[in-house]
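Any value given below was found using the heavy atoms of this structure, including those in side chains, with hydrogens, waters and symmetry copies removed.
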Amino acid sequence: MNYIGFNHQVVDAKDAVISALDHGFLYGMGLFETFRTYKGEPFLLQRHIGRLAEGCRQIGIPFTEDTFRLRGWIQHVMGKNELQEAYIRYTVTAGEDILGLPAGEYSHPNHLLYIKELPRLPDTLYHEGKGLQLLNLPRNTPEGPVRFKSLHYMNNILAKRELAGYASAAYGAEGLMLTRQGEIAEGIVSNVFFIKNNILYTPDIATGILPGITREMVLELAHAAGLQTEEGMYRWEQLTEADEIFLTNSVQEIVPVTALWRVNDRQTVSDGCCGRLTALLLEAYRERTGLPE
């Protein structure tokens with residue numbers, strides 16, 4: 001990543017700096033979105049920017065939705081980095097302000113585009129899946145009524161460090177956090193779904209999870225396919241009895257879970273391969289990526 005987008009320009013990465021008084025640095029006051037391109041086009045951009053705009057409104061950061069301008073800026077940064085496809089992180093920080101907690105809204109936010117080559121994911125990932133490791137660290141409660149995709153990511157980093165201590169980490173497992181009440185919440189970088197008796201289940205937003213853009217899309221695809229869905233409060237034991245389990249995020253799409261790990265004990269899921277309904281949803285999702293947003 002040689003070039004970064006900074007306040008709607010493109011600059012050398014070493015020149016993309018913010019003030020030590022930026023409240024994104026001082027207090028974690030900032031939000032971000034991660035998404036990817038297909039055939040050079042950022043996927044579900046309008047939904048990502050809509051979520052970002054609403055979050056900025058709630059925490060008092062001025063933000064104007066302009067997907068046309070943002071698309072052009074993304075293409076410029078991709079071009080400077082000589083990328084045909086990209087992983088994109090769009091960050092908005094609160095900007096420079098007083099040393100102390102302000103009561104009013106911010107006025108000078110900073111906008112940054114981090115763009116890098118898409119990670120190369122093996123096709124086997126979508127057939128053989130990955131493991132899901134139960135973590136001891138609970139999911140922290142959200143910043144407001146609904147979790148923001150905020151710059152405060154300590155909970156996720158501590159979860160990643162816990163995951164690294166398990167045998168499953170060597171096999172590329174994702175970590176699963178529960179709420180303090182013991183309900184299934186979400187993965188470190190993913191939302192969680194499971195299927196039992198042809199019904200698709202996923203934790204309710206009330207558990208404090210991030211309302212994922214890919215999560216939202218999968219629920220829509222399931223409804224379109226005539227699959228019954230339910231959002232609610234679920235326990236680890238319900239995962240162990242599931243017919244199929246999968247994870248979602250904007251870069252990896254839909255990833256089957258073929259093993260559950262509790263400490264270092266392993267349980268196989270759906271005979272160790274992608275389940276029928278998971279494959280159906282993945283196919284529908286990939287068909288959707290070929291359509292204009």
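- Pairs engaging residues 17-36 under the salt bridge (charged side-chain N to carboxylate O under 4.0 Å, His left out) rule: E33-R51, R36-E253 [sequence neighbours left out].
- At a threshold of 4.0 Å, the pair E230-K196 does not count as salt-bridged, since none of the basic side-chain nitrogens sits closer than that to a carboxylate oxygen.
- Classification of E183 and R180 as a salt-bridged pair fails, no side-chain N sitting under 4.0 Å from a carboxylate O.
- Shortest non-hydrogen contact noted between P145 and Q58 is CD-OE1, 4.4 Å.
- Side-chain atoms of W261 never come within 3.5 Å of backbone atoms of G131 as a donor-acceptor pair (strictly under, hydrogens ignored).
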Apply side-chain contact (heavy atoms from CB on, under 4.5 Å) to the pair Y90 and I49, showing each step before the final yes or no.
CA-CA 9 Å; Y90 180 24; I49 298 312; 3.8 Å; yes

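- Taking the six-membered ring for Trp and the full ring otherwise, the centers of F32 and F148 sit at least 6.0 Å from each other.
- With sequence neighbours excluded, no residue satisfies ring-ring contact (aromatic ring centres under 6.0 Å, His included) with Y166.
- Side-chain contact, H23 with T93: no donor N or O sits under 3.5 Å from an acceptor N or O.
- In this structure, P119 and Y87 approach most closely via the heavy-atom pair CD-CB, 4.4 Å.
- In terms of modelled atom types and a separation under 3.5 Å, the side chain of Q133 and the main chain of V263 share a donor-acceptor contact.
- In this structure, H48 and S250 have side chains that are in contact, with non-hydrogen atoms separated by less than 4.5 Å.
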Start with the C-alpha distance between F6 and Y114, add both sets of side-chain angles, then the distance that settles ring pair (Phe, Tyr, Trp, His ring centres under 6.0 Å), and finish with yes or no.
CA-CA 9 Å; F6 185 67; Y114 304 89; 9.8 Å; no

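- Counted by atom type alone, T268 and R266 present one or more donor-acceptor pairs between their side chains at under 3.5 Å.
- Note: F246 and F193 have parallel aromatic rings, judged against thresholds of 30 and 60 degrees for the angle between ring planes.
- Here the shortest heavy-atom pairing between W73 and H111 reads CH2-O, 3.8 Å.
- When atom types are taken as modelled, the side chain of N191 and the backbone of T248 share no donor-acceptor pair closer than 3.5 angstrom.
- A salt bridge is defined here as a Lys NZ or Arg NE, NH1 or NH2 lying under 4.0 Å from an Asp or Glu carboxylate O, and E231 with R215 meets this definition.
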Before giving the answer on side-chain contact (heavy atoms from CB on, under 4.5 Å), spell out for V10 and I4 the whole-Å C-alpha distance, their side-chain angles and the decisive distance to 0.1 Å.
CA-CA 6 Å; V10 183; I4 287 178; over 6 Å; no

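- Nearest approach of T207 to D204, heavy atoms of both residues: OG1-O, 2.6 Å.
- A pairwise comparison of heavy atoms in T37 and E85 identifies OG1-OE1, 2.5 Å as the closest pair.
- Across all their heavy atoms, S190 and E174 have their closest contact at OG-OE2, 2.7 Å.
- We find that R47 and E220 are joined by a salt bridge, their nearest charged nitrogen and carboxylate oxygen being less than 4.0 Å apart.
- With hydrogens and angles left out, the side-chain atoms of T278 and R276 include no donor and acceptor closer than 3.5 Å.
- Apart from L176 itself, the hydrophobic cluster it occupies contains L132, L134, L178, I184, V192, F194, I199, Y201, Y234, W236, L239, I245, L247, V257, L260, V269, where clustering links Ile, Leu, Val, Met, Phe, Trp and Tyr at side-chain heavy-atom distances under 4.5 Å.
- Q181 CD: more than 12 foreign heavy atoms inside a 6.0 Å radius.
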Take E128 and T258 through the side-chain contact (heavy atoms from CB on, under 4.5 Å) test and state the conclusion after the steps.
CA-CA 7 Å; E128 300 173 8; T258 51; 5.6 Å; no

